[in-house]
Protein chains: 2
Amino acid sequence: MSAPVKTRLPAAARRASIVDAAVELFSQRGFRGTTTRELAAACNISEPVLYQHFETKRILYEAILEAKREQDHRPGMEESLRAAAGTDDSQRFFGLLAAALLDWYVQDPRYVRLLMFAALEGHELSDLFFQRTVAGFYELVTGHIQRQIAAGRFRPVDPLVAARTFAGMLAHHGTIYSIYCPGHLCAGKEDIVSTAVDIFLKGIASNE
Amino acid sequence: MSAPVKTRLPAAARRASIVDAAVELFSQRGFRGTTTRELAAACNISEPVLYQHFETKRILYEAILEAKREQDHRPGMEESLRAAAGTDDSQRFFGLLAAALLDWYVQDPRYVRLLMFAALEGHELSDLFFQRTVAGFYELVTGHIQRQIAAGRFRPVDPLVAARTFAGMLAHHGTIYSIYCPGHLCAGKEDIVSTAVDIFLKGIASNE
DNA sequence: TCGCTAACCTAGTGAACACTAGGTTAGCAG
DNA sequence: CTGCTAACCTAGTGTTCACTAGGTTAGCGA
């Protein structure tokens, strides 16, 4: 046992502990499948304490989604991806991209499940999430593919179809990891990334 | 307006109409997000009628999942896939596979969403579904890949990694179609299939 | 036309839910 | 040690849920 659980926490710490428990429970049972009673029990507090930090259950849910959206907005990563996309080093660009994609799923499957619940339930913050994060992602990839096609290095394919096809190669492994086989990839991350990137780049290269 | 809605239906027809409405509602709002009141209203009946056909809401849900599982078990399709997998015509095998995969998603997105809800909620019938349908699928694909590697036509890659990578190429398009962009693929089914198959086969081919 | 039965309804039940009014206490400042 | 306040609690509220007891009617066979 680590430090004995302090029963009375300052507001910020209590709020954080609620968010953490909520991520865990919402990701396992979904929004509707989680009761405020369970939520309170998981934090070793009573229900009214929840409501001192979040006006409603839905506001707690939205706070989590919003926090995740901000956490995913990593200017450093985005910048290095954008830089790599601008070069002709497709191997490096798609390598970075694939690793970032797979990492996104593997890093915290709870959030992946949370976002899938949100997407299925048609939550508006899910739309926002996918519009900003995913749309920017595809813009980058289709741009790179388009330039490589123009330069004659890639075969002439529909860039969006190709981009989604590539994303799917990694997303599928990630989905299996976070939903169907919790915590288990069928190979090392590096192996999956290099296999996918190799197949994609050899497959899309023009027959010189 | 088609035929005027007969208010009083024989048992079999009423049961079918309930299942149909339930597939629609469960796929949109999930199991917990759908109330028996809504369900009854969607069928223009009262709640007790539901319970004359299905003992509980959960039994109705399971009846739908079970029906879908049986519907997906298509001996004809399975046989022709198995036959193609046994040959060395990878182009044909992966073409058939890709078309079947994408069709599975596009044919009725309601069921796709239903199964995703079930998977997220950890329903045991979802496990059963994926064990039977998906496991058999991967067995077929890894077998073919393994043989092609042994014959020197494919590069030596991990067959399961490659199989999942291929499945992901199409599953991702299907997922986007059924969840994020309802009813809209970014290209024709044939274009997506041929792009994915071309990239995969060129990408996995050994450098002769 | 009449009677029978399958199909359907009204009008509830207790339980579980999100949320709250109002009181209690831990623990720090002085 | 005392008093103050942020943190927490007990004990509910009204609402909505899945589900039901018991009665009504459509519509077909004879």
Side-chain angles (χ1 to χ4, degrees), chain A residues 3-65 114 117-118 121 123-125, chain B residues 3-65 114 117-118 121 123-125:
Chain A
V5 185
K6 260 187 74 176
T7 53
R8 202 165 275 220
L9 292 181
R14 178 57 73 204
R15 189 183 162 95
S17 94
I18 292 172
V19 166
D20 197 58
V23 168
E24 185 68 30
L25 286 176
F26 285 155
S27 78
Q28 279 174 14
R29 315 195 221 273
F31 176 70
R32 288 189 237 247
T34 303
T35 70
T36 52
R37 180 176 303 209
E38 288 172 324
L39 220 36
C43 302
N44 290 312
I45 56 176
S46 62
E47 290 179 81
V49 178
L50 292 179
Y51 289 93
Q52 280 168 6
H53 294 277
F54 302 95
E55 289 176 38
T56 66
K57 185 184 166 190
R58 173 151 287 265
I59 284 175
L60 165 58
Y61 186 57
E62 287 168 359
I64 291 172
L65 290 183
L114 212 59
F117 265 120
E121 288 173 350
H123 196 287
E124 54 179 4
L125 276 179
Chain B
V5 185
K6 260 186 73 175
T7 53
R8 203 165 272 221
L9 293 181
R14 179 55 75 201
R15 190 183 161 94
S17 94
I18 292 172
V19 165
D20 197 57
V23 168
E24 185 69 28
L25 286 175
F26 284 154
S27 77
Q28 278 173 15
R29 313 195 221 273
F31 176 71
R32 288 189 234 250
T34 304
T35 69
T36 51
R37 179 176 305 206
E38 288 172 324
L39 221 35
C43 302
N44 289 312
I45 57 175
S46 62
E47 290 179 81
V49 179
L50 293 181
Y51 289 93
Q52 281 169 5
H53 294 277
F54 302 93
E55 289 177 36
T56 66
K57 186 184 166 191
R58 172 150 288 267
I59 284 176
L60 165 57
Y61 187 57
E62 287 168 0
I64 292 172
L65 291 184
L114 213 59
F117 265 120
E121 288 173 349
H123 196 287
E124 54 178 5
L125 276 180

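Just so it is clear: chains get the letters A, B, ... in the order the sequence lines come, proteins before strands, and each one is counted from 1. The shown structure was predicted, so the numbers you read here are calculated from the model rather than taken from an experiment.
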Note to self: Looking only at the aromatic ring of each residue, does the gap between the centers of B/Y61 and B/H123 stay below 6.0 angstrom?
What the structure shows: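 Close enough - the centres of the two rings lie under 6.0 Å apart.
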
Checklist line | B/F31 or A/V49, whichever maps to the more 5' nucleotide of DNA chain D | finding: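 Its nearest nucleotide lies further toward 5', so the answer is A/V49.
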
Gap between atoms [atom1] and [atom2], on [X] and [N] respectively (whole Å):
X: B/Q52; N: D/dG22; atom1: CD; atom2: P; result: 15 Å
X: B/L60; N: D/dC19; atom1: CG; atom2: P; result: 10 Å
X: B/I18; N: C/dA7; atom1: CD1; atom2: P; result: 11 Å
X: B/E47; N: D/dG22; atom1: CD; atom2: P; result: 19 Å
X: B/L39; N: D/dC17; atom1: CG; atom2: C1'; result: 13 Å
X: B/R8; N: C/dT5; atom1: CZ; atom2: P; result: 15 Å
X: A/K57; N: C/dC19; atom1: NZ; atom2: C1'; result: 12 Å
X: A/L25; N: C/dC17; atom1: CG; atom2: P; result: 13 Å

So which nucleotide from [options] ends up closest to the side chain of [X]?
X: B/P48; options: D/dA11, D/dA18, C/dC9; result: C/dC9
X: B/Y51; options: C/dT20, D/dA18, C/dC9; result: D/dA18
X: A/I45; options: C/dC8, D/dC9, C/dA18; result: D/dC9

Next item on the list: Taking only the side-chain nitrogens and oxygens of B/T36, find out if one of them lies under 4.0 Å from OP1 or OP2 of D/dC19.
Entry: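 Looking at the OP1 and OP2 atoms of D/dC19, neither is under 4.0 Å from any side-chain N or O of B/T36.
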
Checklist line | Residue-phosphate contact under 4.0 Å: B/R14 side-chain N/O, C/dA6 OP1/OP2 | finding: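 So the side chain of B/R14 is outside the cut-off, no N or O lying under 4.0 Å from OP1 or OP2 of C/dA6.
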
Notebook entry, point to check: Can you name the closest pair of heavy atoms from A/A22 and A/I64 and give their distance?
Noted result: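 Nearest heavy atoms, A/A22 then A/I64: CB-CD1, 3.5 Å.
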
Next item on the list: Tell whether B/R37 reaches the base of D/dT16 with its side chain through a donor-acceptor pair below 3.5 angstrom.
Entry: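 In this structure, the two groups form no donor-acceptor pair.
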
Margin query: For a 4.5 angstrom cut-off between non-hydrogen side-chain atoms, does A/E38 reach A/R29?
Written below: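 Yes. Closest side-chain heavy atoms under 4.5 Å.
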
Notebook entry, point to check: Are side-chain heavy atoms of B/I45 and B/L9 found at a separation under 4.5 Å?
Noted result: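 No - every pair of side-chain heavy atoms lies 4.5 Å or more apart.
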
Next item on the list: Could you check whether A/T35 gets within reach of a base, just the sugar-phosphate, or nothing at all, counting any heavy atom under 4.0 Å?
Entry: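 Touches sugar-phosphate only.
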
Next item on the list: Kindly say whether A/T35 contributes a backbone atom to a donor-acceptor pair with the side chain of A/K57 at under 3.5 angstrom?
Entry: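 Between the backbone of A/T35 and the side chain of A/K57 there is no qualifying donor-acceptor contact (under 3.5 Å).
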
